[in-house]
Amino acid sequence: MDRPNILFIMSDDHAAHAIGAYGSQINQTPNIDRLAKEGMRLNNCFCTNSICTPSRATILTGQYGHLNGVHTLVDKLDGRHDPQIQKLLGNAGYQTAIVGKWHLGHGDNNDPSGFDYWNVLPGQGDYHNPEMIEMGTSKRHEGYVTEIITELSMDWLQQRDTSKPFMLMCHHKAPHRPWEPSKRYERLFDESDIPEPSTLYDDYSNRATAASAAEMRVSRDLNSTDLKQEPPKHLEGDYLTAWLYQRYIKDYLRCVQSVDDSVGRLIDYLDNENILDNTIVIYTSDQGFFLGDHGWYDKRFIYEESLRMPFLIRYPREIEAGSESDKIVINNDFAPTILDYAQLSIASEMQGVSARDVFAGGDPNGWRDSLYYRYWMHRGNNNHNVYAHYGVRTQSKKLIYYYADGLGLAGTGDAVAHKEWELFDLDQDPQELVNVYSNEEYGQTVKELTEELERLQVEYRDKPEH
Ligand code: CA
């Protein structure tokens with residue numbers, strides 16, 4: 001059988017709970033939903049470090065940050081590092097391209113490496129009239145970034161060598177902060193308010209101090225660039241928080257709407273070219289995001305809204321339409337899975353496994369029942385103030401250790417903070433509001449999960465700090 005094409009569409013900070021197919025209560029995404037209707041929805045797909053740059057490095061290498069060198073936002077991926085998915089595919093006769101957000105460094109050895117074609121935003125890039133770097137040459141493009149990335153992606157598809165299979169990574173900037181919508185959607189949601197999440201007014205009681213220490217509160221930490229207008233002077237307390245939430249979430253969702261349009265245009269393009277069914281189409285995001293959940297915007301924490309990645313995959317040759325899976329899949333698995341589909345062996349240095357059987361509806365023997373997570377960027381280089389932590393999540397429990405130390409890594413804050421543990425019973429407390437670590441009833445669970453955490457650190461060759 002012909003080797004399939006791969007269209008990997010990834011947005012930036014798009015939480016699963018802002019996607020119709022994941023049961024969104026706050027917006028509609030008909031085009032992204034089409035991938036769920038015609039393919040599979042993963043219910044438990046997780047990133048292993050909930051922040052942009054490290055997640056992107058993990059997706060390309062299949063490795064955790066301590067092996068690929070990308071721990072924090074200020075680290076860069078060395079183009080000479082192996083393995084990288086695009087190099088392996090390229091060596092095997094695939095045409096490879098990346099268009100849009102790169103965010104893994106520029107110049108020297110940090111530009112995209114091993115892609116036949118690349119055209120990327122410098123750093124975070126701009127929403128309007130963005131500069132892009134095409135194979136080392138900078139050019140300013142007029143228009144809205146999500147539409148430009150979509151069109152440049154289709155331009156590349158149009159001129160590709162149709163005798164070879166391709167992998168195109170279409171990486172959107174949206175809906176990343178500062179959430180600037182396109183003209184087309186700037187009035188969307190003007191007529192009505194967006195429902196508030198039930199934890200918008202969280203007081204962080206019954207949690208480790210890390211939760212209350214974090215500086216990413218909708219009620220307090222959004223800046224004037226985020227807000228784009230001054231809050232009404234008469235508002236205070238919860239009334240002000242409610243206003244700030246609407247201001248934030250509406251712009252976020254307006255940005256999502258353009259991403260949804262992009263997915264529709266790309267699917268239609270493949271369909272018109274008669275290559276849709278021979279192309280594996282994936283939609284995901286580099287991590288989740290707090291949409292006012294726990295009173296926050298941003299990500300970083302191992303908590304559910306931030307940890308969970310949306311992941312939808314369409315490939316009718318192997319994947320049943322309208323299917324879903326609860327298996328734990330991690331972003332380290334993406335590269336191994338793509339290699340498997342391309343009929344290539346999986347690089348032994350990769351720290352993920354192929355999920356191809358999971359996607360086919362199978363129940364692979366020995367599939368993981370826990371995942372290992374590590375957030376290194378202690379205190380976030382003096383913003384966000386999220387403490388360094390690692391942890392393990394199973395299908396029903398989550399154990400977290402805040403070792404709260406930057407360990408001298410670039411991009412971390414100097415001050416060591418309070419070291420503490422959290423345990424959440426996700427069946428009883430899916431919103432993670434009550435830390436039961438010191439609850440006697442959970443003594444055995446703490447013991448088992450601590451052992452599991454240590455086992456995973458050995459397996460992935462990471463070093464414990466507890
Ligand atoms: Ca991100």
Side-chain angles (χ1 to χ4, degrees), residues 8-19 22 32 45-61 64-65 68 70-77 98-106 112 120-127 130 145-146 149 169-181 214 216 221-222 225-226 248-249 251-256 258-260 262-263 282-293 296-312 330-332 334 373-377 380-381 383-384 386 411:
F8 182 85
I9 310 170
M10 182 161 76
S11 55
D12 195 334
D13 296 356
H14 188 186
H17 50 311
I19 293 178
Y22 280 91
I32 296 172
C45 183
F46 300 116
C47 61
T48 50
N49 181 0
S50 184
I51 196 162
C52 308
T53 306
S55 178
R56 287 157 197 275
T58 291
I59 286 166
L60 294 181
T61 63
Y64 279 87
N68 65 32
V70 182
H71 302 84
T72 72
L73 279 180
V74 305
D75 289 328
K76 299 168 179 179
L77 180 64
I98 182 167
V99 176
K101 186 151 178 192
W102 169 244
H103 207 202
L104 288 165
H106 297 287
V120 299
L121 297 163
Q124 294 282 7
D126 294 326
Y127 271 104
V145 69
T146 305
I149 290 169
M169 304 185 99
C170 172
H171 286 190
H172 286 297
K173 168 192 174 60
H176 192 280
R177 195 179 187 183
W179 315 297
E180 292 174 13
M216 42 194 231
D221 299 320
L222 291 165
T225 307
D226 301 326
Y248 153 57
I249 198 68
D251 273 351
Y252 177 93
L253 295 175
R254 288 163 180 148
C255 291
V256 166
S258 291
V259 173
D260 187 65
S262 168
V263 172
I282 292 169
Y283 180 78
T284 188
S285 171
D286 57 350
Q287 5 72 207
F289 213 67
F290 295 107
L291 305 179
D293 316 284
W296 291 327
Y297 59 91
D298 218 76
K299 55 264 183 178
R300 297 161 194 263
F301 277 99
I302 189 178
Y303 295 148
E304 290 295 275
E305 297 86 351
S306 151
L307 180 68
R308 176 169 288 105
M309 306 169 88
F311 192 98
L312 306 161
I330 57 178
N331 53 347
N332 304 59
F334 295 2
Y373 178 91
R374 184 159 187 173
Y375 174 75
W376 297 83
M377 201 171 174
N381 210 7
N383 60 56
H384 297 87
V386 174

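In listed order, ligands and their atoms are each counted from 1. If you're wondering where the values come from, they're calculated on a predicted model, not measured in any experiment.
Not one N/O/S atom of His176, from backbone or side chain, sits under 3.0 Å from the Ca ion (ligand 1).
Between the side chains of Ser55 and Asn331, at least one donor-acceptor pair of N or O atoms lies under 3.5 Å.
With the Ca ion (ligand 1) as vertex, Gln287 OE1 and Asp286 OD2 subtend 90°, rounded to 10°. Draw a line from the Ca ion (ligand 1) to OD1 of Asp12 and another to OD1 of Asp13, and the angle between them is 80° (to 10°).
Screening Lys101, Lys173, Arg177 for a salt bridge (Lys or Arg N to Asp or Glu O under 4.0 Å) involving Asp12 leaves a single residue, Lys101. Each of Gln287, His103, Met169 was checked for a side-chain contact (heavy atoms from CB on, under 4.5 Å) with Arg56, and the lone residue meeting it is His103.
Ion pairing between a basic and an acidic side chain is recognised when a charged N comes within 4.0 Å of a carboxylate O; Lys299 and Asp13 show such pairing.
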